[in-house]
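Quick notes on the structure that follows.
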Amino acid sequence: MYKQIAVVIVSMLVVGCTNTTVPLQPTPVSGAPLDQPSAGAVADGRIVPLHEVTLNSPQTGTVAQVLVAEGDMVTAGQALVRLDTRALQLRLDQANVGLARAQTKYDQLMAGATPANVAVAKAGVHKAEAVAAQITANVSNADVDAAKSQLADANATLKNLTNPTANDRALADAAVDQATANLTQQRSALSAAKTAANLAMQQAVQTLSQAQISYASAKDNWQYVQDNSRDPFYTSMRLSDAQKQNYYDAMVRAESAMHVAELQLQNAQVAYANAQQAETSGVMTAEARLTDAQVRRDNLLNPDAGQVAAAQARVSAAQANVARLQGSARNAQLDTAAADVAQAQAQYEQVVATPRAVDVSAADVEIAAAKVAVAQAQYELDQATLTAPFAGVVADMDLTVGMLLTPAIPALVLADTQTWHVETVDLTELDVVGVAVGDVASVHVDALPDVTIPATVRHIQALGQNRQGDIVYTVVLDLQEHNADLRWNMTVAVHFAQP
């Protein structure tokens, strides 16, 4: 009879779509009443919570604080366990010191030489000029040997600045190539991870949208049942209290599914934000390394003009000193003095010169790298505190202060035990074909022999499992009544209604 009524209601809905004014009627649920299911398949099962999650620490560390106890109710985002953060805090402090050092170096570069340094360089020029006027002709063999040694050293220094070896060039090029390859790899890998996280987030959005639609529909049906309980047409349908309860339970299940979808979307959004942060940090670090390698190569291939000038001045001074000692004493000494003046003048110009663009770029790179180190250290410090992803009860926890916690060791089990479900464990393939979502069943709790709870099939696992030669399927049922004596993993017998 209920199936006939359902066909009539569907027909009325179709007519309603053609602008005929017909009130929307709720579709009755097929099957026997919940409180008296006819005999059918029987399966063993267990009591399980609405949500459960095993939390693991994302990093290895020593437990410093256990902020909850087994059985405590917690809220979403509440801190549960905190690892020893002293080393992480020191790492963050060190990173901040590195950032301050890099910023100070940059500020010093942009500020230029201090007045004292300028005064010293200028005094060097005056000293060289004074010495040129006081040259004497007293020369010895030791003086000649020393002058030749100084000339050889000055020439070697100039050659290293202006003509680096092929091996030095090759090493600099290799460093740039390696940094370039690393940047390309980081961009590709981190972008792929971010794309995957974004796809998961979009899928979570779609799932939430469907759950919201289902909840709105279930809520409208239940509201209609309440608002039209006195309607003659509604009365003629002879809906039982159990069937009315079905509409209310459908609304509750849809609302629960919507909340689950909301939580899944929040988790997906967090994962996507983490992937974005990882991409930004990873690419920034790789770019900083590439820039550093390029700066080093540029310094090798394009030495500082002031350093070259100083090296050239030193060569000139050494050459003049040799000529002075081996030739006319007065003229040689005058030439040497003149070279000393030129060298001092070059050093002075180097001190007062404005910073080179390549030096400024190198200082900027050091600041950027230091900021990345600070962000990484702060992230690792934040990860040392384990928080609850949703509100629930701490169902299982075996943690003590001082123990070593790794990502491979479960920290605790969190569960939402406000609503219980039943999962079967041995419904065979011969019996599952007679069970459908929405079917009613009765649940007999082994630990409570006098308790029988009506239930409704919520989900049927699509993939069967081979258990000792039998193919069995897991079926999840919603309990239609609350019982305060129920506990997680209590064993039950599920009696399904006869199809």
With no hydrogens and no angle check, is any side-chain donor or acceptor of [X] less than 3.5 Å from a backbone partner on [Y]?
| X | Y | value |
| --- | --- | --- |
| N155 | L151 | yes |
| T85 | L88 | no |
| T424 | V475 | yes |
| T180 | V176 | yes |
| S256 | V252 | no |
| T195 | S191 | yes |
| E70 | M397 | yes |
| S361 | A357 | no |

After noting the C-alpha distance and the side-chain angles of H51 and V260, does the key distance pass the side chain to side chain contact (heavy atoms under 4.5 Å, CB included) rule?
-> CA-CA 8 Å; H51 303 302; V260 171; 2.4 Å; yes
Is there a side chain to side chain contact (heavy atoms under 4.5 Å, CB included) between V68 and Q78 once you walk through the steps?
-> CA-CA 10 Å; V68 293; Q78 180 177 340; 3.8 Å; yes
Neighbour count >12 (heavy atoms, 6.0 Å) for atom [atom1], [X]:
| X | atom1 | result |
| --- | --- | --- |
| Q178 | CD | no |
| R289 | CZ | no |
| M284 | CE | no |
| R356 | CZ | yes |
| D398 | CG | no |

Could you report the tightest heavy-atom contact between [X] and [Y], atom names first, then the distance?
| X | Y | result |
| --- | --- | --- |
| A95 | V374 | O-CG2, 3.4 Å |
| A415 | P49 | CB-CG, 3.9 Å |
| A318 | A154 | CB-CB, 4.4 Å |
| V125 | A344 | CG2-O, 3.3 Å |
| N182 | A286 | ND2-CB, 3.7 Å |
| M258 | L208 | O-CD1, 3.6 Å |

Is [Y] close to [X] at the side-chain level, that is, under 4.5 Å between some pair of heavy atoms?
| X | Y | result |
| --- | --- | --- |
| V63 | T400 | no |
| V425 | R467 | yes |
| L199 | Q203 | yes |
| R297 | D173 | yes |

So, E380 and Q376: side-chain donor and acceptor under 3.5 Å apart, yes or no?
-> yes
Just by distance, with hydrogens left out, do Q294 and D298 show a side-chain donor and acceptor under 3.5 Å apart?
-> no
Evaluation steps, side chain to side chain contact (heavy atoms under 4.5 Å, CB included), between L381 and Q378 = CA-CA 5 Å; L381 179 61; Q378 183 65 59; 4.1 Å; yes
Mind running side chain to side chain contact (heavy atoms under 4.5 Å, CB included) on Q418 and M73 for me, showing each step along the way?
-> CA-CA 11 Å; Q418 297 300 311; M73 294 295 299; 3.8 Å; yes
Answer yes or no: is there an ion pair linking E287 with R187, defined by an N-O contact shorter than 4.0 Å?
-> yes
